[in-house]
Amino acid sequence: MKFMKRVGFIGLGLMGSGMSMNLLRAGFPLTVWNRTRSKMRPLLEAGAEGAGSPREVAERSDVVIDIVTDSPDVEEVLLGPNGVVHGAKPGTIVIDMSTISPAVTRRIAEELGKEGVRMLDAPVSGGDTGARNGTLSIMVGGDPETFEECLPLFQAMGKTITHVGGHGMGQTVKLCNQILVGLNMLAVAEALIFASKAGVDLERALAAVSGGAAGSWQLTNNGAKLLRGDLEPGFKVKDYLKDLRLIMEAATEMKLPLLGTSVVQQMYRSLDAEGLRQKGTQAVIRAVEEIARAKLLR
Ligand code: NAP
């Protein structure tokens with residue numbers, strides 16, 4: 001089989017743990033590394049090899065996937081002193097699946113290219129559940145031949161896999177996704193506080209609207225969490241604030257006003273001020289409750 005390449009995986013957080021497990025289940029020989037070493041245990045128990053650094057991952061892999069937090073983190077694991085670039089050979093493919101800056105992505109692709117290393121940006125959508133179930137949407141930037149070569153890997157992790165353009169374009173489309181996510185999450189929170197204040201049974205309200213024209217992933221997944229009073233993260237407030245920053249930086253560069261997204265950004269900033277950075281994005285209900293002087297669950 002053409003693509004039984006050795007795969008390396010860096011970053012076993014909420015997303016990376018499920019994604020790497022699916023690669024292992026699909027039969028890819030896998031080497032993993034995580035900064036906090038204890039998070040490697042489930043993968044090692046399932047049959048992955050462990051490495052001591054990103055550089056060592058690259059030495060043992062034909063394709064290296066990373067999913068860490070922000071642009072400087074990706075730069076560190078790929079280009080830093082113990083980074084992938086120092087262990088990679090010409091022809092190695094690096095796939096960054098984190099959500100980071102499109103401009104930084106293009107710079108990293110250029111740096112790696114000088115060493116003959118090819119790069120794809122392939123950020124994802126679908127949350128930690130999508131990561132575990134292998135149903136992610138994956139938006140990919142980079143050259144089309146490298147994309148085709150990596151398709152079997154993407155298929156092990158996701159369902160909707162789209163090549164959207166050159167380097168950085170995957171990240172740009174992911175930021176479009178994050179505009180949709182935030183406005184949608186705010187709409188879910190406002191609709192639910194409205195229903196609560198009016199005294200409607202919230203479970204029934206959710207069931208009634210979920211299948212109609214307003215149905216959405218946010219409503220089904222995060223709406224249901226809110227009705228259980230569950231603010232634990234699938235996707236953390238601190239990471240969404242990072243995405244909002246990336247959106248606004250790109251919009252500023254384009255002189256593009258984004259009114260709705262600005263409101264969303266201020267709401268999430270108020271969550272930060274409340275000390276809710278580590279909670280899930282559904283915690284926007286706290287800001288909505290504050291403004292409404294009302295509680296969702298009574
Ligand atoms: P997470 O649970 O906080 O995991 C972050 C991972 O990155 C951890 O493995 C962490 O290592 C590692 N990391 C961060 N900075 C690092 C550095 N400087 N050097 C080495 N490792 C570093 O976050 P997540 O939810 O999996 O998100 C990861 C990425 O996916 C983010 O870019 C996020 O925006 C994106 N994303 C998340 C979701 C979601 O629903 N969660 C959905 C789509 C996209 P430690 O374990 O040592 O901290």
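Numbering of ligands and ligand atoms starts at 1, following listing order.
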Distance filter under 4.0 Å to E76 heavy atoms, resulting ligand 1 atoms:
18 (N)
Is the closest basic N to carboxylate O distance between R245 and D70 below 4.0 Å?
yes
G127: numbered ligand 1 atoms lying under 4.0 Å from its heavy atoms:
40 (O)
Which of the atoms in ligand 1, numbered in the order shown and given with their element, are less than 4.0 Å from a heavy-atom of V77?
19 (N), 20 (C)
Are the side chain of K242 and the backbone N or O of T99 linked by a donor-acceptor pair below 3.5 Å?
yes
Is any side-chain N of the basic residue among E45 and R41 closer than 4.0 Å to the acidic one's carboxylate O?
no
Checking the N or O distance criterion of under 3.5 Å, is ligand 1 in contact with T99?
yes
Under 4.5 Å between any side-chain heavy atoms of V140 and I95, yes or no?
no
Taking only heavy atoms of K236, which atoms of ligand 1 are found under 4.0 Å from at least one of them?
1 (P), 2 (O), 3 (O)
Any carboxylate oxygen within less than 4.0 angstrom of a Lys/Arg side-chain nitrogen, looking at K5 and E149?
yes
Which atoms from ligand 1 have a heavy atom of G11 less than 4.0 Å away?
9 (O)
Close side-chain approach of L186 and V188, heavy atoms under 4.5 Å:
no
Looking at I67, V68, I10, the heavy atom closest to atom 31 (C) of ligand 1 belongs to V68
Under 3.5 Å, N or O to N or O, is D70 touching ligand 1 that way?
no
Considering distance alone, does some N or O of M15 sit under 3.5 Å from an N or O of ligand 1?
yes
Run the numbers for me: atoms of ligand 1, each under 4.0 Å from some heavy atom of S98, listed by number.
32 (O)
Any salt bridge linking E75 with R107? Criterion: basic side-chain nitrogen under 4.0 Å from a carboxylate oxygen.
yes
Ignoring angles and geometry beyond distance, decide whether G234 reaches within less than 3.5 Å of ligand 1 through its nitrogen or oxygen atoms.
yes
Please check whether L14 reaches ligand 1 - meaning an N/O of the residue sits under 3.5 Å from an N/O of the ligand, judged on distance alone.
yes
Does the salt bridge (charged side-chain N to carboxylate O under 4.0 Å, His left out) test come out yes or no for E290 and R286, once each step is laid out?
CA-CA 6 Å; E290 186 78 19; R286 289 283 178 266; over 6 Å; no
Under 3.5 Å: N/O of K238 near N/O of ligand 1
no
I'd like to check whether T69 has a polar contact with ligand 1, where a contact means an N/O of the residue lying under 3.5 Å from an N/O of the ligand.
yes
Close approach of K242 to ligand 1, heavy atoms, under 4.0 angstrom:
yes
Which ligand 1 atoms are under 4.0 Å away from a heavy-atom of K174?
43 (C), 44 (C)
Which of the atoms in ligand 1, numbered in the order shown and given with their element, are less than 4.0 Å from a heavy-atom of L12?
9 (O)
N/O of K39 under 3.5 Å from N/O of ligand 1, yes or no?
yes
